[in-house]
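By convention in this document, chain letters (A, B, ...) are assigned in the order of the sequence lines, proteins followed by strands, and residues within each chain are numbered from 1.
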Amino acid sequence: MSQKEISKVYSPSSIEEKWYDTWKNQGYFHSEPNKDKKPFSVVIPPPNVTGVLHMGHMLNNTIQDVLVRRARKQGYETCWVPGTDHASIATEAKVVAMLREKGLDKRDIGREEYLKHAWEWNDKYGGIILKQLEKLGCSIDWERTKFTMEPDLYWSVIHVFVDLYKKKKIYRGLRMVNWDPVGQTALSDDEVIYKDLKSKLYYVDYKIAGEDSSLTIATTRPETILGDTAICIHPEDERFKHLHGKKAIVPVVDREVPIILDDYVSMEFGTGCLKITPAHDENDYEIGQRHDLKIIDILNPDGTLSEAAEFFVGEDRFEARKLMEGKLQEIGALQKVEDYDNSIGFSERTDAIIEPRLSKQWFLSMKEISQPALKNVMDDTIRLIPEKFKNTYRHWMENVRDWCISRQLWWGHQIPAWYTGDGQVFVAETAEEALEEARKETGNPDLKMEDLTQDEDVLDTWFSSWLWPITCFEGFTKPENEDIKYYYPTNILVTAPEILFFWVARMIISGYEYMGDKPFGDVYLHGIVRDKQRRKMSKSLGNSPEPLDLVKDFGADGVRVGMLLSSPAGNDLLFDEKLVEQGRNFTNKIWNAFRLVNGWSSDNSKEYEHEVACTWMESRINETLNEVEDHFSKYRISDALMSLYKLTWDDFCGWYLEMIKPPMGEGVDQKTLGNTREYFRTILGLLHPFVPFITEEIWQYLKDKGDAEHIIVQEWPKAGQADQSILKDTEQVFKYISSIRAFKKDKNVPSGEELTLFLSAQNGTSYEKFSPYLKRMAKVSDLQFGDGPEGSVKIMVGTDALYIPFEGKIDKEAETERIRKELEHLNKFNSSIAKKLNNERFVENAPSHVVELEKKKLEDSRIKIHALEEELAQLDSK
RNA sequence: GGGUUCUUAGCUCAGUUGGUUUAGAGCACCUGCCUUACAAGCAGGGGGUCGUAGGUUCGAAUCCUACAGGACCCACCA
């Protein structure tokens with residue numbers, strides 16, 4: 001293809017789909033266990049089926065794809081398993097909303113009918129998000145797609161529940177839940193939205209039994225007084241020592257309750273006396289447990305007062321509050337009412353005020369089962385990146401609380417527990433097994449299926465996703481298959497720190513419990529994508545760009561680079577479209593370098609002209625490759641990309657191609673051209689994990705005999721030796737060139753005008769082999785080595801001197817001033833070093849290499865001072 | 001309230017166990033260029049008393065203490 005036919009601007013849209021389909025159809029994404037290769041496996045953090053691709057997914061999956069593509073090129077048997085999570089709460093909310101639009105209520109149509117609708121919805125809208133990942137270029141093994149509710153995974157979850165129950169790790173118990181009286185369901189903590197409200201604090205007097213005195217408590221919910229079963233004070237509180245062992249009378253209901261001592265009570269807050277309502281407050285419940293208090297549940301599920309309240313039965317809780325206030329006033333127990341700022345929980349779904357309420361839930365006891373998970377993270381068997389999360393992890397694991405795994409929802413894995421009429425529980429994988437067991441246990445062989453009812457609740461979504469690294473490879477259903485043996489443990493998990501406990505910790509726990517091994521080696525925790533003002537991206541703020549539009553506008557490669565450039569592990573990414581623009585510009589730069597090289601012809605009559613440039617370029621590539629490997633080993637992915645970005649843009653395009661660029665109409669000697677194409681291929685190969693599409697496209701023009709057909713599987717290069725002396729000398733030559741250009745700009749000499757140059761290098765290095773480059777790139781017509789003639793302008797580059805015989809006018813005063821300033825600075829510097837070296841304690845204590853270095857600094861600065869003084873003298877004599 | 005962590009250029013961040021001339025990078029900014037791969041570009045340039053105050057040390061962005069101000073996680077207060 002001739003250069004004219006290749007567009008001046010890289011246009012991603014024309015090639016992205018082509019290459020994605022090719023990769024997929026050629027089977028590069030698919031993996032099967034292969035004994036001859038080491039596995040590299042990754043499981044995707046399964047997005048919610050209801051989800052739509054957002055910027056967080058873009059970041060998460062770009063990182064995974066970079067790691068996966070690199071591993072594939074390194075020769076690992078690479079397997080990236082995709083899938084979706086049924087997300088019981090989120091999906092249920094959407095389905096319920098959809099039904100509402102049709103005028104249906106889930107309670108009216110019943111569970112079976114409801115689930116039909118849910119599955120329909122799921123089939124229609126679920127999993128769109130996975131499809132969208134193709135646009136980003138993710139090299140996912142699509143043949144392995146999993147869903148947490150498909151039969152195989154469903155059974156695994158049930159199996160694990162039953163197993164843990166049999167191991168006595170799962171139990172059923174009372175617990176305070178967030179109760180939504182409108183929706184009449186328990187809510188998880190995430191579904192409760194706290195809002196700051198102005199409310200009232202009521203001060204109420206309680207009489208002391210058998211005495212003519214009283215104590216005062218403060219409460220924001222006076223109606224709960226009806227459920228009080230104790231008064232609590234701090235054991236050390238001097239003010240109330242006289243109340244120890246006595247009883248108080250709850251006003252209105254006139255119930256005698258104990259005055260108990262517990263250091264939960266703050267002596268500073270309120271009155272120092274706390275009323276205890278175990279049925280309607282989490283902390284009160286715990287205190288109640290400690291002191292063996294009675295529990296009086298005064299609320300019905302719909303938020304009205306129950307029979308147990310005795311007063312205001314059937315009234316709504318807020319109505320009851322008013323009535324209670326009146327009643328307290330009436331009997332003279334209400335001392336005062338104060339304004340009070342309070343944060344109150346609301347239901348995300350119904351906006352009702354949440355009532356803490358006791359209910360029976362299923363729990364997994366965590367203490368024992370989580371021990372291996374704690375140990376193996378602490379000793380780095382599993383590495384958390386960045387490491388700072390180890391502390392948070394330890395803190396959580398050491399204080400781990402039992403996990404409430406039941407949810408009052410229908411979409412999900414229904415709890416495999418069956419109850420007899422009299423409340424006995426039988427847990428089994430199937431109803432038949434449960435029945436069989438029930439017959440045995442009850443001694444009643446006539447028990448029928450109809451006599452058993454299955455638990456209505458489903459399991460917490462995380463109770464299925466905590467098995468993900470196992471169920472992805474069908475580890476419970478097909479434990480004999482090669483898959484689970486070969487791919488488990490997976491190599492790395494890439495996710496956000498927000499779900500370190502919800503998900504990551506629990507996967508580690510289940511991994512040790514069921515596989516006897518960790519689920520993954522490393523955990524890379526990346527930040528949240530935020531907007532420029534550090535706000536979380538959200539639909540309601542409208543501050544999130546549409547990811548697929550970005551891909552359309554800037555190309556998938558551009559977006560990937562944009563996301564990665566500013567995303568060190570653990571830090572939030574402040575998304576700015578400019579980053580993506582920078583990524584797009586980078587792909588365009590690569591594209592144009594390709595256009596240049598592709599347009600060069602080979603001139604076989606020329607000798608090998610550019611050994612110097614080639615050796616340098618090769619050394620830079622090796623040097624960079626070493627850096628890149630180091631970055632990858634620490635998961636510094638943005639640093640790895642930045643190293644390659646600079647190698648490509650600055651070194652390869654900015655310097656190297658300019659060095660070897662032939663004069664108009666000429667070709668490049670065969671050897672140099674061959675080398676150049678080789679360097680380009682190497683750079684493309686290194687860039688491929690970051691910018692897969694453009695590198696694959698260009699590869700097709702540059703690949704050589706013996707190369708892989710597609711760059712996606714072209715072997716990842718191994719770093720060779722970098723020639724340190726050529727690197728150092730070339731860098732110095734680049735400084736000469738820049739200095740001359742700066743001189744010209746400063747003196748208003750047109751950049752194209754050619755000069756004569758004398759170069760006097762201090763350290764004895766011969767720069768003669770660089771002559772062609774100096775001449776060409778600094779526009780020097782005559783280059784000589786050694787000191788320049790009298791009257792030349794002298795420019796110091798480090799300790800080397802450049803002399804330019806300059807005919808133009810030199811502003812003597814300005815020049816003198818410039819040198820004076822530099823001298824002043826140097827002298828100061830020089831004396832500070834001298835002072836340091838004169839300090840005996842420094843010379844004695846500092847390591848010798850540091851002392852040597854200081855001596856060198858001193859020597860170098862002396863040389864420079866000397867040179868500048870000479871120049872000054874010359875200026876004066878003119 | 002408990003815990004973790006952070007504060008370096010206009011912005012986002014590096015800075016490895018204290019020691020590489022004047023603390024780096026990318027972007028942004030300023031100046032000059034449509035130079036025949038690329039204006040999505042090229043060349044050159046300015047910019048930081050490393051949050052504040054003490055301390056340890058021959059030497060501190062780096063270690064210690066206090067203070068100020070963020071961030072996150074957990075628990076949320078009658």
query = Quick one: the side chain of A/Lys856 and the base of B/U20, do they pair up donor-acceptor inside 3.5 Å?
reply = no
message = Expressed as a whole number of angstroms, how long is the span from A/Leu565:CG to B/A28:P?
response = 12 Å
ask   = Strictly by modelled atom types, are A/Tyr645 and A/Asp650 linked by a side-chain donor-acceptor pair under 3.5 Å?
value = no
request  = Select one nucleotide: of B/G19, B/U4, B/G32, the one nearest the side-chain heavy atoms of A/Lys745.
outcome  = B/G32
query = OP1, OP2 of B/A37 versus side-chain N and O of A/Tyr656: anything below 4.0 Å?
reply = no
task = Mind checking A/Val9 for me? I need base, sugar-phosphate or nothing, with any heavy atom below 4.0 Å counting as a touch.
result = base
ask   = Quick one: is B/U12 close enough that its OP1 or OP2 comes under 4.0 Å of any side-chain N or O from A/Arg534?
value = yes
ask   = Do A/Lys578 and B/C27 have a side chain to base donor-acceptor pair shorter than 3.5 Å?
value = no
task = Measure from the side-chain heavy atoms of A/Ala742 and tell me the nearest of B/U4, B/A39, B/G44.
result = B/G44
request  = Side chain of A/Arg841 only, please: which of B/C58, B/G45, B/A37 is the nearest?
outcome  = B/C58
Cut-off 3.5 Å, no hydrogens considered: what does the side-chain donor-acceptor table look like for residues 837-850 of chain A, sequence neighbours left out?
| unit_1 | atom_1 | unit_2 | atom_2 | d |
| --- | --- | --- | --- | --- |
| A/Asn838 | ND2 | A/Ala834 | O | 3.2 |
| A/Asn839 | OD1 | A/Arg841 | N | 2.9 |
| A/Asn839 | OD1 | A/Phe842 | N | 3.4 |
| A/Asn845 | ND2 | A/Arg841 | O | 2.9 |

ask   = Hey, would you say the A/Tyr679 and A/Phe652 ring centroids sit under 6.0 Å apart?
value = no
ask   = So, does the side chain of A/Gln582 form a donor-acceptor pair with the base of B/A28 at under 3.5 Å?
value = no
message = Over all strands shown, is A/Arg862 touching base, sugar-phosphate only, or nothing at heavy-atom distances under 4.0 angstrom?
response = nothing
key: Nucleotide nearest A/Lys646 when distance is taken to its side chain, options B/G15, B/A40, B/A25   = B/A25
message = Between B/U12 and B/C74, how far apart are the two C1' atoms, rounded to whole Å?
response = 29 Å
query = When all nucleic acid strands are considered with a 4.0 Å heavy-atom cut-off, which category describes A/Ala593: base, sugar-phosphate, or nothing?
reply = base
inquiry  = Mind checking if A/Leu274 touches a base, just sugar-phosphate, or nothing, with heavy atoms under 4.0 Å?
reply    = base
message = Using OP1 and OP2 only, check whether a side-chain N or O of A/Asn585 sits under 4.0 Å from B/G41.
response = yes
task = Look at the side chain of A/Arg584 and decide which nucleotide, out of B/U5, B/A37, B/A40, has an atom nearest to it.
result = B/A40
query = Is A/Pro497 touching bases, backbone alone, or none of the nucleic acid, heavy atoms closer than 4.0 Å?
reply = nothing
query = Of the nucleotides B/G44, B/G26, B/C73, which one has an atom closest to the side chain of A/Ser738?
reply = B/G44
task = Indicate, with a heavy-atom threshold strictly under 4.0 Å, whether A/Asn839 touches base, sugar-phosphate, or nothing.
result = sugar-phosphate
inquiry  = Within the structure provided, determine whether A/Arg677 and A/Val597 are in side-chain contact (heavy-atom separation under 4.5 Å).
reply    = yes
message = Mind checking if A/Arg741 touches a base, just sugar-phosphate, or nothing, with heavy atoms under 4.0 Å?
response = sugar-phosphate
task = When you get a sec, tell me which of B/A37, B/A78, B/G19 is the closest nucleotide to the side chain of A/Tyr264?
result = B/A78
request  = Measure the distance from CG on A/Leu564 to P on B/G26 and round it to the nearest whole Å.
outcome  = 18 Å
inquiry  = For a quick check of understanding: with a heavy-atom distance under 4.0 Å over all strands, which category does A/His849 fall into, base, sugar-phosphate or nothing?
reply    = nothing
ask   = So which nucleotide from B/A78, B/A25, B/U20 ends up closest to the side chain of A/Lys857?
value = B/U20
ask   = Would you say the ring centroid of A/Phe594 lies under 6.0 angstrom from that of A/Trp591?
value = yes
key: Given B/A25, B/A37, B/U5, the nucleotide with the shortest approach to the side chain of A/Arg595   = B/A37
message = Need one value for A/Arg221: base, sugar-phosphate or nothing, where a base atom within 4.0 Å counts as base even if backbone is also close, heavy atoms only.
response = nothing
query = Base, sugar-phosphate, or nothing for A/Tyr645, non-hydrogen atoms under 4.0 angstrom?
reply = sugar-phosphate
request  = Assign A/Arg401 to base, sugar-phosphate, or nothing according to its heavy-atom contacts below 4.0 angstrom with the strands shown.
outcome  = sugar-phosphate
Nearest-neighbour nucleotide for the A/Met664 side chain, B/C58, B/U36, B/U21 considered = B/U36
Touch class at under 4.0 angstrom, heavy-atom based, for A/Glu286 against every strand present = nothing
query = Between atom CG in A/Asp650 and atom C1' in B/G41, what is the gap in whole Å?
reply = 13 Å
